[in-house]
Amino acid sequence: KARRAAASHRRALRLFHGLGRRDHEAAALNNLGLCLRAMGKLEAARASFQEALALREAEGNSYGAATCRANLGSVLRLRGDREAALAALDQALFVFREQGHRREESIARRQRARGLLDLGRREEALREAGREKLTVDALLERIRRVETGDVGIQVYQELVRVAEPAVEIN
């Protein structure tokens, strides 16, 4: 499945490059990196994420760049470059937190906690896991306070977006 998806992303990458659509090219590179990571081709995934990151930075897309950094951090961690992984995740976390992307923040925090555990920094990892729990708890508290239907649904949907990765990524 990942191999077929990677082939599709490579075709899309060539098309968007030819059309000069750097934003779509960056998305294709990021998605290709995800496929390559799933296939265990970590060096190729790293290169794909770095290229996508450069395009996102050039276009001034801080959220897109943070997403690429978080994905790069996960690959660096898998390759054993744990300090560089933490640095990339820290940069991504800053943007996710500042811009209110709670789901992405939650995923990056879990990756960061794993990286800290890899480095033997158990106490820091537990604190990081606690911060992720606070993100979900804050959303639950907002749900408790909301009394109108539409706003309550929006907050609930935000909670689902944050809590879902806990099932997807262990």
Side-chain angles (χ1 to χ4, degrees), residues 1-119 124-125 128-129 131-132 135-136 157-158 160-170:
K1 184 176 178 180
R3 184 169 291 159
R4 281 193 309 252
S8 294
H9 291 303
R10 284 188 180 102
R11 285 191 301 276
L13 180 59
R14 286 190 299 274
L15 173 68
F16 294 137
H17 182 77
L19 294 172
R21 294 298 310 264
R22 299 298 176 241
D23 54 339
H24 293 310
E25 189 177 345
L29 281 163
N30 187 64
N31 291 336
L32 176 60
L34 293 171
C35 294
L36 293 167
R37 181 181 67 191
M39 294 164 48
K41 298 182 177 188
L42 300 180
E43 179 54 32
R46 183 200 57 76
S48 191
F49 290 137
Q50 284 185 316
E51 193 174 345
L53 174 59
L55 289 172
R56 291 297 193 199
E57 287 177 332
E59 69 187 16
N61 182 337
S62 59
Y63 169 73
T67 300
C68 294
R69 274 195 185 89
N71 289 331
L72 177 61
S74 73
V75 166
L76 291 171
R77 181 182 159 265
L78 292 170
R79 292 181 69 220
D81 195 352
R82 293 178 181 100
E83 292 295 340
L86 288 178
L89 289 165
D90 285 343
Q91 290 174 330
L93 272 169
F94 177 80
V95 173
F96 294 150
R97 192 173 37 251
E98 291 293 309
Q99 294 183 3
H101 298 287
R102 293 186 187 275
R103 179 179 190 270
E104 291 82 356
E105 179 183 353
S106 179
I107 293 168
R109 283 196 184 286
R110 246 188 325 282
Q111 286 289 335
R112 188 172 191 284
R114 285 189 197 117
L116 290 167
L117 279 174
D118 291 344
L119 290 167
E124 284 179 81
E128 192 66 57
R131 286 187 193 105
E132 187 211 336
T135 302
V136 174
Q157 288 171 338
E158 188 176 351
V160 170
R161 284 180 359 111
V162 171
E164 212 171 34
V167 176
E168 296 171 5
I169 302 172
N170 294 322

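For this chain, numbers begin at 1 and follow the sequence in order.
Atom CZ of Arg79 is surrounded by more than 12 heavy atoms from other residues, nucleotides or ligands within 6.0 Å.
Contacts of Asp118 classified as salt bridge (charged side-chain N to carboxylate O under 4.0 Å, His left out), with partners at least two apart in sequence or in another chain: Arg77, Arg82. By the side-chain contact (heavy atoms from CB on, under 4.5 Å) test, Glu51 is found to be paired with Leu29, residues two or more places apart in sequence or in another chain being considered. Ala2 pairs by the side-chain contact (heavy atoms from CB on, under 4.5 Å) definition with Ala38, Met39, not counting sequence neighbours. Shown here are the salt bridge (charged side-chain N to carboxylate O under 4.0 Å, His left out) partners of Arg112, two or more places apart in sequence or in another chain: Asp90, Glu128.
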Could you go through the side chain to side chain donor-acceptor pair (under 3.5 Å) check for Ser8 and Arg11 one step at a time? CA-CA 5 Å; Ser8 294; Arg11 285 191 301 276; 3.1 Å; yes
From CA spacing to verdict: side chain to side chain contact (heavy atoms under 4.5 Å, CB included), Asn30, His9: CA-CA 9 Å; Asn30 187 64; His9 291 303; over 6 Å; no
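Side-chain contact between Arg56 and Asp23 is present, with at least one heavy-atom pair separated by less than 4.5 Å. The shortest side-chain heavy-atom distance between Arg69 and Glu57 falls under the 4.5 Å cut-off. In this structure the side chain of Leu36 never reaches within 4.5 angstrom of the side chain of Arg46, judged on heavy atoms. You'll find the side chain of Arg14 stays beyond 4.5 Å of the side chain of His17, heavy atoms only.
The two atoms that bring Leu89 and Ala70 nearest to each other are CD2-O, 3.8 Å, heavy atoms only. The two atoms that bring Ser62 and Val95 nearest to each other are O-CG1, 3.7 Å, heavy atoms only. In plain terms, the two heavy atoms of Asn61 and Gly64 that are nearest each other are OD1-N, 2.6 Å. Looking at every heavy atom in both residues, Leu42 comes nearest to Val75 through O-CG1, 3.4 Å. The shortest non-hydrogen separation linking Ala45 to Gly33 is CB-O, 3.5 Å. The nearest pair of heavy atoms linking Ala26 to Ala52 is O-CB, 3.5 Å.
From Phe16, atom CZ reaches atom CD of Glu25 across 9.5 Å, with rounding to the nearest 0.5 Å. Atoms OG1 and CG, on Thr67 and Leu72 in that order, are 12.0 Å from each other to the nearest 0.5 Å. Atom CG of Leu76 sits about 11.0 Å away from atom CG of Asn71, to the nearest 0.5 Å. For the atom pair CG (Leu78) and CZ (Arg114), the distance works out to 9.5 Å, reported to the nearest 0.5 Å. Atom CZ of Arg3 is separated from atom SG of Cys35 by 11.5 Å, given to the nearest 0.5 angstrom. Rounding to the nearest 0.5 Å gives a distance of 7.5 Å between OG of Ser74 and CG of Leu34.
Within the structure, the ring-ring contact (aromatic ring centres under 6.0 Å, His included) test picks out the following pairs touching residues 48-71 (sequence neighbours left out): Tyr63-His101. Residue pairs meeting the salt bridge (charged side-chain N to carboxylate O under 4.0 Å, His left out) criterion with at least one partner in residues 30-41, sequence neighbours excluded, are absent.
A donor-acceptor distance shorter than 3.5 angstrom exists from the side chain of Asn31 to the backbone of Ala27, with no hydrogens or angles considered.
The pair Glu105-Arg102 does not meet the salt-bridge criterion, since no charged nitrogen lies less than 4.0 angstrom from a carboxylate oxygen.
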